[in-house]
Amino acid sequence: MERKELTEKVKECIKSSLSDVKNVGELTDDTPLIAEDGKSGLFDNSLCVLEVTSGLVTEFEVDPSIFKKESFKTVSTLVDTIEEALKNK
């Protein structure tokens, strides 16, 4: 799967997972997911992380253990994590 297609699927999964919790606007590759260094993130609690992780595991058939805190810095780091896991399948 090309990175661009993977990125779009990840963005769709984030939006779909959070649609009941919050209104997700435009996502870019640099959209921060977890608040860090005084900057707000898209995920405002651990439930959001769990919802998105569950959606990604289902969509890409990856093991949940691939996701670390660093995976959720931005959309791009999340894509990096999934891309690496898919290469190693």
Side-chain angles (χ1 to χ4, degrees):
M1 180 180 306
E2 294 289 323
R3 183 170 177 94
K4 184 175 180 174
E5 180 184 358
L6 179 62
T7 301
E8 290 308 310
K9 283 190 169 201
V10 168
K11 288 177 183 178
E12 287 173 22
C13 196
I14 291 170
K15 287 181 178 184
S16 173
S17 297
L18 298 180
S19 65
D20 292 339
V21 181
K22 65 190 331 180
N23 183 15
V24 179
E26 185 67 29
L27 294 175
T28 67
D29 292 358
D30 298 324
T31 297
L33 300 178
I34 296 178
E36 192 172 74
D37 299 327
K39 297 176 184 174
S40 64
L42 183 62
F43 303 163
D44 47 12
N45 59 49
S46 58
L47 180 59
C48 292
V49 174
L50 291 173
E51 293 274 344
V52 170
T53 300
S54 177
L56 294 170
V57 166
T58 301
E59 175 69 31
F60 297 104
E61 299 178 354
V62 293
D63 191 280
S65 66
I66 67 164
F67 299 105
K68 310 294 183 220
K69 182 180 179 188
E70 299 80 33
S71 303
F72 292 95
K73 283 188 172 195
T74 65
V75 171
S76 184
T77 58
L78 197 52
V79 171
D80 292 342
T81 299
I82 296 168
E83 188 173 48
E84 187 65 30
L86 292 176
K87 282 181 188 174
N88 294 328
K89 266 189 151 180

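From Met1, atom CE reaches atom CD of Glu8 across 12.0 Å, with rounding to the nearest 0.5 Å. Taken to the nearest 0.5 Å, the CD atom of Glu59 stands 9.5 Å off from the CG atom of Leu6. A distance of 10.0 Å separates CD1 of Ile34 from NZ of Lys73, quoted to the nearest 0.5 Å. Between Lys9 atom NZ and Ser16 atom OG the span is 13.0 Å, to the nearest 0.5 Å. For the atom pair CG (Leu78) and CD (Glu70), the distance works out to 12.5 Å, reported to the nearest 0.5 Å. To the nearest 0.5 Å, atoms CZ (Phe43) and OG1 (Thr53) are separated by 7.5 Å.
Few gaps surround NZ on Lys89; more than 12 heavy atoms of other groups in view lie less than 6.0 Å from it. Around CD of Glu2, the count of heavy atoms belonging to other residues, nucleotides or ligands within 6.0 Å does not exceed 12.
Side-chain contact between Leu86 and Val62: present, with at least one pair of heavy atoms (C-beta onward) separated by less than 4.5 Å. Proximity of Leu27 to Leu42: side-chain heavy atoms (C-beta onward) are separated by under 4.5 Å at one or more points. Looking at heavy atoms from C-beta onward, Val79 lies out of side-chain contact with Asp29 at the 4.5 angstrom threshold.
For Thr74 (side chain) and Thr31 (main-chain N/O), no donor-acceptor pair under 3.5 Å exists by modelled atom type.
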Derivation and outcome, side-chain contact (heavy atoms from CB on, under 4.5 Å), residues Ile14 and Glu51: CA-CA 9 Å; Ile14 291 170; Glu51 293 274 344; over 6 Å; no
Residues Val10, Cys13; criterion side-chain contact (heavy atoms from CB on, under 4.5 Å); working and verdict: CA-CA 5 Å; Val10 168; Cys13 196; 5.6 Å; no
Test side-chain contact (heavy atoms from CB on, under 4.5 Å) applied to Leu18 and Cys48, step by step: CA-CA 7 Å; Leu18 298 180; Cys48 292; 3.8 Å; yes
CA sep, side-chain torsions, deciding dist, call: Ser65, Asp63, side-chain hydrogen bond (donor to acceptor under 3.5 Å, both in side chains): CA-CA 5 Å; Ser65 66; Asp63 191 280; 2.5 Å; yes
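The nearest pair of heavy atoms linking Ser71 to Ile66 is OG-O, 3.9 Å. Residues Ser17 and Gly55 share a closest heavy-atom pair of OG-CA, 4.2 Å.
Applying the ring-ring contact (aromatic ring centres under 6.0 Å, His included) test to pairs two or more places apart or on separate chains, those with a residue in residues 68-89 are Phe67-Phe72.
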